[in-house]
Protein chains: 2
Amino acid sequence: MKEKCERVNPEQTKTLMQKVPDSENITRMSAVFQALQSDTRLKILFLLRQKEMCVCELEQALEVTQSAVSHGLRTLRQLDLVRVRREGKFTVYYIADEHVRTLIETCLEHVEEKS
Amino acid sequence: MKEKCERVNPEQTKTLMQKVPDSENITRMSAVFQALQSDTRLKILFLLRQKEMCVCELEQALEVTQSAVSHGLRTLRQLDLVRVRREGKFTVYYIADEHVRTLIETCLEHVEEKS
DNA sequence: TTAATATATGAACAGATGTTCATACGTTCA
DNA sequence: TGAACGTATGAACATCTGTTCATATATTAA
């Protein structure tokens, strides 16, 4: 064990750690942010924010392979960041909820302040 | 070039893409979400959310090496998610702004809804 | 049925990432 | 000064990630 520095207060540290989300939720959060850490997936979300779209529309807009779009959508779907609806032979994707909009908009504000 | 599916409207696609942030900002956003995609760094932020702390306090609380904490803090600092203040021989870190709080709190809400 | 279209998925590869170890730097105080 | 403490950083490693290619599945229309 390492010596504690003079600022460390073991009891307070314990209290502070109790207010950190438990491991399970931290891991889930990591997975969500991990999904948002991809140029392709972010662009997908900024497109879906404007209008629900099928896979081939996204493919055309983003100029990447259909496979890449589909893999990206799976990642987003698994974390409930986007949802799906079947429409004939098309699979229509849309933003899952307001959390997703808040996340990408807040982040955009943050980086825009720096430019 | 691939054939367009019947849902694709090239003109509309163009309009939609114009409302997607430019490559530079998308890349910056990726970097921010990338920084948030780490159990250690998330825990650091949830600690700093409660109280500004020096490196050794974080080290004690998180039970990882000093090096890991310091590397994690550098990543967060470079993206202006945390800021630093020198206090004698201590380096005190604190949450940069409200965006950071909004990001982690919104994400926590999202994952908590699922549990 | 069959052909065509729309979407999903597994494998595989190159590139990126987080941790630790070792070490260097900076500040304080004796 | 120098020793002790607090912090930063480069290297290296094992692990993980995103893309493409090839192929499979599902729906529609003929």
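Throughout, a chain's letter reflects where its sequence line sits, starting with A, and its residues are numbered from 1. Both backbone and side-chain heavy atoms feed into the values below; hydrogens, waters and symmetry mates do not.
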In numerical order, the residues of residues 45-52 of chain A whose heavy atoms come under 4.0 Å of DNA chain C are none
Taken to the nearest whole Å, CD/Glu63(B) to C1'/dT19(C) is 16 Å
Contacts of His71(B) meeting ring pair (Phe, Tyr, Trp, His ring centres under 6.0 Å) (sequence neighbours excluded), chain-then-number -> none
Leu42(B) CG to dG18(C) P, in whole Å, measures 11 Å
For Val84(B) and Val92(B): C-alpha separation, side-chain torsions, deciding distance, then whether side-chain contact (heavy atoms from CB on, under 4.5 Å) applies. CA-CA 6 Å; Val84(B) 199; Val92(B) 179; over 6 Å; no
Leu76(B) CG to dT17(C) P, in whole Å, measures 14 Å
| Taking side chain as C-beta onward, heavy atoms only, is Phe33(A) less than 4.5 Å from Leu103(A)? | yes
Between CG of Leu58(A) and C1' of dT7(C) the distance, given in whole Å, is 12 Å
Whole-Å distance, Leu36(B) CG to dT17(C) C1', equals 15 Å
Within 45 degrees of the axis of the six-membered ring of Tyr93(B) and under 6.0 Å from its centre: does Arg77(B) put its NZ or CZ there? no
For residues 21-31 of chain A, the salt bridge (charged side-chain N to carboxylate O under 4.0 Å, His left out) pairs (sequence neighbours left out) are Glu24(A)-Arg28(A)
From CZ of Arg74(A) across to C1' of dT7(C) the rounded distance in Å is 12 Å
For Glu98(B), the side chain to side chain contact (heavy atoms under 4.5 Å, CB included) test, sequence neighbours excluded, returns Arg101(B)
Taking the side chain as every heavy atom from C-beta outward, state whether Met53(B) and Leu48(B) have any pair of such atoms under 4.5 Å apart.
yes
The nucleotide from dA6(C), dG6(D), dG10(D) with an atom nearest the side chain of Cys56(B) is dG6(D)
The correct set of residues in residues 88-97 of chain B placing a heavy atom under 4.0 Å from DNA chain C is Gly88(B), Lys89(B)
Looking only at heavy atoms, the pair that brings Ala31(B) and Leu79(B) closest together is O-CD1, 3.3 Å
Show your working on side-chain contact (heavy atoms from CB on, under 4.5 Å) between Ile26(B) and Lys43(A) and close with a plain yes or no. CA-CA 8 Å; Ile26(B) 286 285; Lys43(A) 287 179 189 169; 4.1 Å; yes
Here the distance between atom C1' of dA6(C) and atom CE of Met53(A), to the nearest Å, is 15 Å
key: Any donor-acceptor N/O pair, Thr106(A) side chain to Thr102(A) backbone, under 3.5 Å   = yes
- Give one of base, sugar-phosphate or nothing for Arg7(B), where a contact means two heavy atoms less than 4.0 Å apart. nothing
Whether each nucleotide of nucleotides 12-26 of chain D has a protein heavy atom under 4.0 Å at its base (B), only at its sugar-phosphate (S) or at neither (-) is summarised, 5' to 3', as -----SSSBB-----
Point to revise | side-chain contact (heavy atoms from CB on, under 4.5 Å) evaluation trace for Leu81(A) with Asp97(A) | key: CA-CA 7 Å; Leu81(A) 300 176; Asp97(A) 60 30; over 6 Å; no
